[in-house]
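Take a look at the structure set out below.
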Amino acid sequence: MNNDITELLKFVGLQHYDVDKNKTTFYVEPTSFEMTVNLYLNRRITGCPFCKSTHTVIKETKEKHINHCIKPQQHLFIIFHQKKFKCKDCNHTFMENNPIGENISHYGKIQMINQLRNPRKTFSEVAKEHFTTTQHVIDIFDEMVQLNRHQLSKVVCFDEIYSKKLTKTKYSFVIFDPMSNTLLDLLDARRKNVLEEYFIHIPIKERLNVQYVNIDMWQTYVDIAERYLPNARICVDSFHVIKHLNDAMDKIRLRIQKKFANEKDSDRNGYYWLLKSFHYYFVEDFNIIKYVRKPNSHYSYLVDKYAVLEKLLSIDDGLKAAYCLKESYREFNLTEEYSEESLAKLEDYIEQFKKSKFEEFVNFGFMLDHWKYYIVNSFIRVNGKRMSNGPMESANGRLGRLIDDGYGYTNFIRFRNRALFSLNRNEPIKI
């Protein structure tokens with residue numbers, strides 16, 4: 001046996017002194033470059049596991065076929081000639097120790113698991129690269145990846161992901177640490193009784209360490225945080241507040257647009273089509289909007305995005321007033337630093353929305369009034385970072401892609417382990 005085989009077998013944890021060099025052979029398939037090793041191990045003094053006697057003889061050898069992937073699409077096929085021993089004293093038989101693995105080498109299993117740290121890597125893709133079945137990869141993952149929850153941190157985010165096919169309820173509960181970008185845990189439901197059962201089993205000392213909880217506007221999260229995280233300030237994520245504001249603004253735009261719907265074919269000013277074509281001007285950040293003037297277009301007279309906005313706001317005075325109020329609140333929401341005056345400033349906006357002639361803004365004003373104390377808390381900064389569910393939303397996106405790439409998980413425990421394993425760094429595996 002040459003040195004190449006010795007180096008090759010190091011991939012499965014064998015050293016040159018483990019291998020019977022006289023019997024072991026090596027073959028490379030010329031077309032596929034698939035490598036086959038007929039492996040014999042040197043005999044070691046093996047005591048009988050039944051009577052501890054060392055008076056043993058080789059009764060026979062049995063072939064055990066083991067797959068190992070050295071690297072993607074490069075396959076090592078090991079035919080291990082495993083010795084069967086017989087004890088002279090008690091007549092029991094037993095097999096030689098297998099240091100490589102059963103059907104797939106131990107090192108091959110670790111390679112598979114490490115590939116699954118990539119959230120975009122599916123079980124079937126890993127199976128294909130390792131010349132095995134998808135179910136085999138899943139079984140190895142279930143065996144080697146069994147993760148516990150992470151400890152609650154100083155700042156946590158509560159949110160949910162859509163998981164109708166994965167769980168009995170529509171949504172799964174997600175708890176996340178935005179300061180370290182760590183997924184702390186996943187639950188199969190966000191119902192109040194499920195969350196109560198979960199948090200009551202977390203030690204009170206750990207729960208008292210939580211100082212801030214970021215939530216969307218889901219009342220259950222408020223109830224849970226107030227009861228089980230008594231030292232925490234509850235912060236309503238500004239992203240969800242602005243989303244509600246944009247929804248209200250878009251409904252107002254649609255209301256004005258419908259006034260011109262019956263006249264859209266004869267309307268010389270084209271107000272209906274202007275409001276329809278440039279609808280995003282009312283909900284997107286004006287600074288990131290891009291406008292390219294097209295000479296042959298019906299709107300070629302609008303030379304830049306400023307001209308577009310001016311034209312849109314000239315259509316209706318009420319629409320202009322609503323847009324200006326929306327932009328004023330958006331700027332306040334974006335730039336406000338937490339202070340004693342923050343609540344008074346927010347209450348001033350609440351009154352302005354309640355006095356609006358548009359029902360959508362009136363409703364938005366009442367919503368702000370209901371959540372105002374939690375909204376003000378979101379202006380607080382911790383380590384220079386404002387309280388936000390932004391990192392949580394990014395994690396939710398990755399969780400959603402994990403579900404989609406896996407063609408819909410049906411086992412929640414497996415999905416939870418895969419999510420924690422893929423989204424977090426340095427999660428342990430069982431070896």
Side-chain angles (χ1 to χ4, degrees), residues 119 147-179 181-204 206-207 210-244 247 367 370-371 373-375 377-378 387-404 406 408-424:
L147 301 176
N148 297 320
R149 69 171 183 86
H150 287 260
Q151 272 202 335
L152 297 177
S153 51
K154 177 181 176 180
V155 182
V156 297
C157 297
F158 290 174
D159 210 347
E160 64 282 330
I161 56 168
Y162 183 74
S163 57
K164 185 177 180 180
K165 294 181 180 180
L166 182 60
T167 60
K168 294 180 181 179
T169 61
K170 284 187 177 181
Y171 295 97
S172 297
F173 176 69
V174 185
I175 182 166
F176 189 80
D177 176 7
M179 309 307 289
N181 284 324
T182 301
L183 179 62
L184 302 181
D185 208 354
L186 275 168
L187 301 184
D188 61 357
R190 63 169 183 172
R191 290 175 178 169
K192 190 172 183 179
N193 63 319
V194 174
L195 300 186
E196 286 178 333
E197 180 69 17
Y198 176 77
F199 281 99
I200 202 170
H201 285 93
I202 297 177
I204 183 63
E206 182 181 343
R207 289 189 273 123
V210 180
Q211 297 181 23
Y212 300 95
V213 179
N214 293 304
I215 64 169
D216 56 18
M217 283 173 274
W218 181 249
Q219 186 60 43
T220 298
Y221 294 161
V222 176
D223 298 339
I224 293 296
E226 288 180 341
R227 182 173 180 181
Y228 296 100
L229 306 173
N231 289 346
R233 283 192 176 190
I234 301 171
C235 311
V236 165
D237 179 41
S238 61
F239 169 83
H240 290 88
V241 177
I242 295 300
K243 184 178 183 300
H244 281 279
D247 289 345
M367 186 206 71
H370 178 75
W371 296 96
Y373 298 108
Y374 307 130
I375 292 173
N377 286 342
S378 73
M387 293 295 95
S388 169
N389 259 11
M392 174 80 262
E393 296 299 329
S394 174
N396 279 355
R398 285 179 284 164
L399 289 171
R401 288 193 296 272
L402 191 63
I403 294 174
D404 293 339
Y409 285 78
T410 55
N411 184 315
F412 179 79
I413 295 175
R414 181 178 301 133
F415 171 71
R416 174 190 172 276
N417 283 325
R418 181 71 200 279
L420 289 168
F421 189 69
S422 300
L423 268 65
N424 298 335

Examine distances only and state if a side-chain atom of [X] and a backbone atom of [Y] form a donor-acceptor pair shorter than 3.5 Å.
X	Y	value
T169	D188	yes
N424	L183	yes
N411	R414	yes
N417	L147	yes
R207	L152	no

Exercise. By side chain to side chain donor-acceptor pair (under 3.5 Å), which residues pair with R227, not counting sequence neighbours?
Worked result: E196
Show the nearest heavy-atom pair for residues [X] and [Y], with the distance to one decimal.
X	Y	result
P203	R149	CD-NH2, 4.0 Å
M387	N377	CG-O, 4.0 Å
L195	A189	CD2-O, 4.0 Å
Q151	E206	CA-OE2, 3.2 Å
A419	L186	CB-CD1, 3.6 Å
P119	L402	O-CD1, 3.2 Å

Exercise. Is F173 close to E160 at the side-chain level, that is, under 4.5 Å between some pair of heavy atoms?
Worked result: no
For this session: For the residue pair V210 and N231, establish whether any side-chain heavy-atom pair is separated by less than 4.5 Å.
Result: no
Would you please say whether a donor-acceptor pair under 3.5 Å links the side chains of [X] and [Y]?
X	Y	value
Q219	D223	yes
D237	H240	yes
E226	Y221	no
D185	Y198	yes

Exercise. N396 and D159: side-chain hydrogen bond (donor to acceptor under 3.5 Å, both in side chains), yes or no, with the steps?
Worked result: CA-CA 8 Å; N396 279 355; D159 210 347; 3.1 Å; yes
For this session: State whether the number of non-hydrogen atoms from other residues, nucleotides or ligands found under 6.0 Å of R191 atom CZ is greater than 12.
Result: no
Exercise. Parallel under 30°, tilted from 30 to 60°, perpendicular over 60°: which one fits the rings of Y162 and Y171?
Worked result: perpendicular
Exercise. side-chain contact (heavy atoms from CB on, under 4.5 Å) with N214: which of S238, S388, S378, C235?
Worked result: C235
Exercise. Knowing that exactly one of W218, F176, F199 qualifies, which makes a ring pair (Phe, Tyr, Trp, His ring centres under 6.0 Å) with F158?
Worked result: F199
Problem set entry | With sequence neighbours excluded, residues passing ring pair (Phe, Tyr, Trp, His ring centres under 6.0 Å) with F412 | none
Problem set entry | With sequence neighbours excluded, residues passing salt bridge (Lys or Arg N to Asp or Glu O under 4.0 Å) with K170 | none
